[in-house]
Protein chains: 2
Amino acid sequence: MYSYKYPHPAVTVDCAVFGLDDGDLKVLLIQRDLEPFAGSWALPGGFVKLEEDLEASARRELEEETGVTDLYLEQLATFGAPDRDPRERVITVAYLSIVNLFDHPVTAATDARKAAWFPVDALPRLAFDHEDILDLALARLRSKLRWQPLGFEFLPEKFTLTQVQRLYETILGEALDKRNFRKKILSTGLLVPLEEVETDVAHRAAQLYRFDRKEYARLQKKGYGFEI
Amino acid sequence: MYSYKYPHPAVTVDCAVFGLDDGDLKVLLIQRDLEPFAGSWALPGGFVKLEEDLEASARRELEEETGVTDLYLEQLATFGAPDRDPRERVITVAYLSIVNLFDHPVTAATDARKAAWFPVDALPRLAFDHEDILDLALARLRSKLRWQPLGFEFLPEKFTLTQVQRLYETILGEALDKRNFRKKILSTGLLVPLEEVETDVAHRAAQLYRFDRKEYARLQKKGYGFEI
DNA sequence: CCAAAAGTGTTAGAGATACACCCATGG
DNA sequence: CCATGGGTGTATCTCTAACACTTTTGG
């Protein structure tokens, strides 16, 4: 039992984790096992421990509820409407996250019946205000993608330029010109061609590239912009 | 006295309020009256009430501590390092705010000995992790200014193009070309020329403009970008 | 008439866009 | 040999950046 002189709200973290499955942008949801909203789908998340950093909470909850680890994570916003949780005042710090969903198999656990990927345009009703959180996360994802090379988080380590282009087209929802896209994306200097090509394809094998994280970190320091 | 099954952190809001005083970008600080950090300068802010929305808390604390009301406010980020407050675990939701400092006279109050504007390049040591919060707020201010017409929040209702240009130059820290700046800023269609000119100046009186908030709201809805 | 800031157009260069065909591979 | 996607260059246009003088007003 914990006592305070002044009332303290509960604080949770919730994660909007996006992945790309062929032509579908998907989001990772869990089915709640406990009230309130038992049986409903929700963003993975949970209570922040007292001695735990916020981002660490987000990573822990994600791992506990979905088995997903090792992912790109950034703070999105904090949602604190007084009535957003029927139990008590709960303020939630929302995180935006991006993974390559093939590298991150999901497995339900704590407080969750199951975890699964849903296409963002075919979602079930979500618990709490998680639809609002997700809307904001999607808007942020689309706008960040245009001027930061976040997209590579969706891809495997080695990828082709066509994969990158499809990724952008899927998330932005518009077709892009192949030659112009390649020029732009290569002109960033962030893509390193490997000495390898695709295998097992029934057509000319594409050049493989990797994303140069070090170079990106360097560029970011001295102010950096690109634009798709 | 309040009791919980699980420990709850305290939650506060803190505001980085910027104002423009001629050639100086200033930030509003309060001198703390209570421990911890009694006597130190800090961002205005305080504990969130249990039934109170986050943004409402920020507005209330600002009014209580500095007398400033009626301002532009947007959520910046949430800071939650476990040891950021020596008393107990305190998670703070930081807000970014912009005012015309001549329209918003400050008056110290609750929990504060006094409130005052400080130039951002001549700050005292700040309490807690408020220097980190302020750094982030400044970075966000500068980057937002380039592609959103936030700057008008600094200005009085009626202003001249030269005032707008000075504002941008002060915050971005670089000189801008007068003709190009005017072309760009007018081409947004967000500035409405008034049937008035400056008065009491010892030179040619400049055209006065107002910022068209309605038009801006309209543009924002259908996706909108500009770039200084 | 002098000081101070307001106001105004043009040109050159860079970057963005539009666009179509040949190539390599596996089946 | 055919189907599939991989890979490539150029011309046009638009947007940006650089740049200097005349006008108005008050003192």
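Residue numbers start from 1 in every chain, and the chains themselves are labelled A, B, ... in the order their sequence lines are given, proteins ahead of strands.
In this structure, the CZ atom of A/F159 is 20 Å from the P atom of D/dG5, given to the nearest Å. B/N180 has its CG atom 16 Å from the P atom of C/dG13, to the nearest Å. B/K184 has its NZ atom 14 Å from the C1' atom of D/dT14, to the nearest Å. One interatomic measurement links the two molecules: CD of B/Q207 to P of D/dT23, which rounds to 19 Å at whole-angstrom precision. Atoms CD (A/Q165) and C1' (D/dT8) sit 14 Å apart, rounded to a whole Å. When the P atom of C/dA6 is taken as reference, atom CD1 of B/I185 falls 15 Å away, rounded to whole Å. To the nearest angstrom, P of C/dA16 lies 14 Å from CG of A/L176. B/L186 has its CG atom 14 Å from the P atom of C/dA6, to the nearest Å.
Closest non-hydrogen pair, A/T78 versus B/V93, comes out as CG2-CG2, 4.0 Å.
Here the side chains of A/W41 and A/L123 are not in contact, with every heavy-atom distance at 4.5 Å or above.
In terms of position along DNA chain D, the nucleotide closest to A/H203 lies nearer the 5' end than the nucleotide closest to the other residue of the pair A/K183 and A/H203. Judged by closest nucleotide on DNA chain D, A/R204 is the one of A/R204 and B/A202 placed further toward the 5' end.
Here B/T162 does not reach the OP1 or OP2 of C/dA5: none of its side-chain N or O atoms lies under 4.0 Å away.
Heavy-atom contacts from other residues, nucleotides or ligands closer than 6.0 Å to CZ of A/R142 number more than 12.
If you run side-chain contact (heavy atoms from CB on, under 4.5 Å) between B/F159 and each of B/L208, B/L194, B/L191, only B/L191 comes through.
Across all strands, A/E198 comes closer than 4.0 Å to no nucleic acid atom at all (heavy-atom distances). A/K178 comes within 4.0 angstrom of a nucleotide base, judged by non-hydrogen atoms across all strands. In this structure, A/T160 reaches neither bases nor backbone, as no heavy-atom distance under 4.0 Å exists between it and the strands shown. Among the heavy atoms of the strands lying under 4.0 Å from B/D177 is at least one base atom, whether or not backbone atoms are also near.
Remark: the A/R179 side chain and the C/dA20 base include a donor-acceptor N/O pair separated by less than 3.5 Å.
Between B/Y216 and B/F211, the ring-plane angle classifies as tilted under the 30° and 60° cut-offs.
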